[in-house]
Amino acid sequence: MTIICEHCGYENHMDSDNCFECGQMIKKNEEYLICSICGIGNPKSAKTCIGCQEPLNGNTTFVVDTEEKNQEEIEGILSVDAAGVVKPEATKEAPKDFKKIKMILKLFLLGMAALGIFVLSLMWVNNQRIYIEAEEGIHYVTQTGMLHVIDESGNDIEISYDVSSETEVVKYGNHIYYITDQKLYSFEKGLAKLISDHVNSYKVNLKGDMVLYTVSDQDELFGDLYKYDGKETLRIDGHVGINRYIFYDDDVYYVTDITSDENLGVLYMKRGDKSSVKISEDVYTPLFSLKKDSVYFVRKNIDVVDRFDLYYVKSGKVNEISRNIVQLVVNPKEEVFAVVQMKNSQYNLSTVKRDEVTTLETGVDQVGLKSYSEDLKPIVYMDDIKLFMKESTGMNKMYDGQIKELGLFDEFWLSDDQKKVYTVLNNELSYSDLKDTLQNTISLARDAKPTVLSESGEVSVYESLGKKYLVTDSYVNPLNDEVTDTLISMDEKYLIYLEGKDAYVLKSGAKEAVFLGSQVDVLMTINNYVYTIVENELFRYKLGKFSSNKAIDSIRFWDELKLTE
């Protein structure tokens with residue numbers, strides 16, 4: 001559109017502030033008539049168009065504001081009246097903080113989206129969690145046949161009805177599996193589901209969301225192998241050796257075609273619903289797999305032999321890893337493990353990454369996890385591999401990814417969080433902070449050994465010459481001579497113990513213990529609760545709130561939750 005200067009008649013662009021010809025100011029705050037023939041804007045008082053001389057009666061009008069506007073903004077404020085005349089609309093001035101509010105809202109929405117993604121990621125990570133072992137806790141069956149699980153948090157979960165016999169239970173996070181009368185069940189989200197009957201062995205994977213099991217109504221050594229993933233059941237193969245199978249994600253390794261003379265068979269792998277693939281012959285059982293298309297196996301039953309040989313299969317090729325192994329310590333997350341090998345009455349320590357073996361130490365007198373005198377399991381799963389060694393020279397070393405010297409001691413006991421270590425040297429018991437070396441060593445007593453350690457090792461009970469002593473914050477307190485069983489609460493604030501068959505709780509710093517009950521047959525602590533069993537009746541005590549104590553129920557059977565081996 002253009003505007004005719006009322007002073008000289010020059011045709012100017014509507015955005016012009018002054019006439020291009022005479023320089024006079026163009027009055028933009030007045031109403032102009034738009035010629036429907038040539039489109040020129042004329043003053044409201046004009047009767048004919050300045051440009052084409054045609055009459056202007058009934059033509060549309062518009063107002064040009066004094067503020068600068070682009071064409072889209074100007075056209076956006078035009079409105080049409082009943083006569084068809086375009087009139088300006090009253091425009092609402094946007095709030096000064098509108099842009100700021102809009103930006104804040106945008107950032108808020110972006111933050112909520114990021115939070116949602118974060119929560120979903122946490123859920124995914126939790127679903128991918130590797131359980132090195134099942135949860136700690138107990139299960140019990142009431143006199144009426146109700147099966148309950150008390151998990152490591154102290155939650156009492158009612159699982160099933162009409163359980164008539166001893167039951168084996170494992171719990172991995174929200175996944176619970178139990179077997180009774182050779183019937184295997186799963187429990188999740190408040191519902192128990194029968195997976196199968198005639199089950200003679202089963203294993204749960206490290207994520208807790210799948211179970212392998214063998215079924216046989218007669219043979220105790222073999223069975224048909226099945227996989228249950230929480231939704232459906234898949235048959236793997238027949239005549240599989242019980243417990244001679246393992247998981248790796250969706251892969252199942254198992255041994256079948258077992259000979260009667262040497263008790264060896266053929267190792268197969270089945271992925272999903274695809275056909276089984278032969279891996280190797282002359283296999284007793286697969287031990288573990290840390291990567292797809294690869295597996296480690298042995299040719300002897302590690303439960304009945306002191307030493308065994310380890311083999312690795314990758315793409316059908318069999319490699320010997322090491323002979324005369326007495327212990328394996330496996331870290332599934334890092335896909336690495338340590339091998340303790342016996343040779344010439346001494347130990348050698350090596351690490352293995354797939355099929356690459358690296359020897360770290362040779363000629364070691366003793367190797368252990370918790371104590372030199374402790375019976376070592378043939379295979380142990382750990383988040384962090386930490387091994388102690390005693391050299392023939394008397395020097396002690398630690399392996400936690402690299403070899404570190406710790407000094408001299410004859411025995412040791414390691415706290416669960418691996419931050420404190422109790423040692424005996426020349427019959428003297430001490431404890432130290434465990435970092436790269438032993439630090440802040442404190443001597444406790446002679447002729448003593450610890451009997452109970454807390455999670456952090458800050459609280460302990462040791463026995464010396466038939467008497468027990470409580471250690472807290474470097475203070476040593478003698479316990480009564482009649483004290484037998486001793487437990488330390490998870491928060492390390494309470495000592496729970498028996499004097500004969502009387503149960504007591506002693507709070508840290510208190511002078512007198514609280515009496516719990518008499519004729520106690522079993523004493524347990526889970527989270528911040530104490531459980532006692534008196535003549536087949538289960539009682540629960542809340543530490544620090546003894547007014548909440550209550551008898552739970554009469555029971556016919558109880559046991560600890562099964563932990564993985």
Side-chain angles (χ1 to χ4, degrees), residues 131 133-144 146-160 163 167-176 178 187 190 415-417 451-461 468 470 472 479 483-510 512-563:
Y131 294 88
E133 60 181 17
E135 287 187 11
E136 295 183 348
I138 66 170
H139 64 274
Y140 64 92
V141 178
T142 68
Q143 292 290 352
T144 57
M146 301 269 292
L147 173 64
H148 290 250
V149 167
I150 300 176
D151 63 18
E152 59 185 1
S153 299
N155 301 313
D156 193 320
I157 308 168
E158 186 178 290
I159 300 296
S160 181
V163 177
T167 306
E168 185 179 277
V169 183
V170 292
K171 185 177 187 296
Y172 298 80
N174 295 325
H175 304 278
I176 300 176
Y178 63 97
F187 179 87
S415 64
D416 287 341
D417 65 3
T451 56
V452 179
L453 294 180
S454 67
E455 170 75 17
S456 69
E458 296 286 351
V459 183
S460 65
V461 175
K468 287 184 171 63
L470 174 65
T472 58
L479 300 176
V483 170
T484 54
D485 293 345
T486 53
L487 304 170
I488 299 171
S489 63
M490 179 179 291
D491 59 10
E492 304 186 356
K493 294 181 180 180
Y494 298 89
L495 174 71
I496 305 106
Y497 61 91
L498 287 178
E499 281 189 9
K501 298 193 74 172
D502 294 337
Y504 293 87
V505 173
L506 177 64
K507 186 176 181 179
S508 177
E512 295 185 2
V514 176
F515 175 71
L516 292 185
S518 58
Q519 302 303 312
V520 174
D521 301 310
V522 178
L523 182 67
M524 300 171 287
T525 178
I526 302 174
N527 200 314
N528 291 319
Y529 293 93
V530 176
Y531 294 86
T532 64
I533 297 178
V534 179
E535 295 181 352
N536 291 328
E537 190 166 5
L538 182 64
F539 294 84
R540 186 187 73 183
Y541 303 85
K542 174 72 173 179
L543 290 171
K545 296 181 180 179
F546 295 102
S547 60
S548 64
N549 303 340
K550 67 175 184 178
I552 294 180
D553 210 331
S554 296
I555 61 176
R556 65 171 69 167
F557 169 78
W558 79 275
D559 201 353
E560 296 179 355
L561 297 183
K562 181 184 177 184
L563 300 181

Nearest 0.5 Å please: distance from the [atom1] atom of [X] over to the [atom2] atom of [Y].
X    : Y    : atom1 : atom2 : answer
D151 : I176 : CG    : CD1   : 7.5 Å
L538 : D156 : CG    : CG    : 8.0 Å
L543 : Y494 : CG    : OH    : 6.0 Å
K501 : E499 : NZ    : CD    : 15.0 Å
I159 : T167 : CD1   : OG1   : 11.0 Å
L487 : L495 : CG    : CG    : 8.0 Å

**Message:** Can you confirm whether more than 12 heavy atoms, excluding those of E136, are under 6.0 Å from its CD atom?
**Reply:** no
**Exceeds 12 heavy-atom contacts within 6.0 angstrom, atom CD of Q143** = yes
Residue pair [X] / [Y]: nearest heavy atoms and the distance that separates them:
X    : Y    : result
F539 : A551 : CE2-CB, 3.5 Å
H139 : F557 : NE2-CE2, 3.7 Å
Y504 : A513 : CB-CB, 4.0 Å
Q519 : V534 : O-CG1, 3.4 Å
V459 : I488 : O-CD1, 3.5 Å
I526 : G137 : CD1-CA, 4.2 Å

Can you confirm whether [X] sits close enough to [Y] that some side-chain heavy atom of one is under 4.5 Å from a side-chain heavy atom of the other?
X    : Y    : value
Y140 : I552 : yes
D502 : S518 : yes
I496 : Y541 : no

**Request:** Step by step, work out the side chain to side chain contact (heavy atoms under 4.5 Å, CB included) result for Y178 and L147.
**Result:** CA-CA 10 Å; Y178 63 97; L147 173 64; 3.7 Å; yes
**Request:** Please lay out, stage by stage, how M524 and I150 fare under the test side chain to side chain contact (heavy atoms under 4.5 Å, CB included).
**Result:** CA-CA 11 Å; M524 300 171 287; I150 300 176; over 6 Å; no
**Request:** Start with the C-alpha gap between V149 and K171, add the side-chain angles, then the distance that decides, and say whether side chain to side chain contact (heavy atoms under 4.5 Å, CB included) holds.
**Result:** CA-CA 9 Å; V149 167; K171 185 177 187 296; 4.2 Å; yes
Donor-acceptor contact below 3.5 Å, side chain [X] vs main chain [Y]:
X    : Y    : value
S489 : N528 : no
T484 : L498 : yes
N527 : S153 : yes
R540 : Y531 : no
E492 : S454 : no
Y172 : Y131 : no
D521 : E535 : yes

**D416 and L453: CA distance, side-chain angles, deciding distance, side chain to side chain contact (heavy atoms under 4.5 Å, CB included) verdict** = CA-CA 8 Å; D416 287 341; L453 294 180; over 6 Å; no
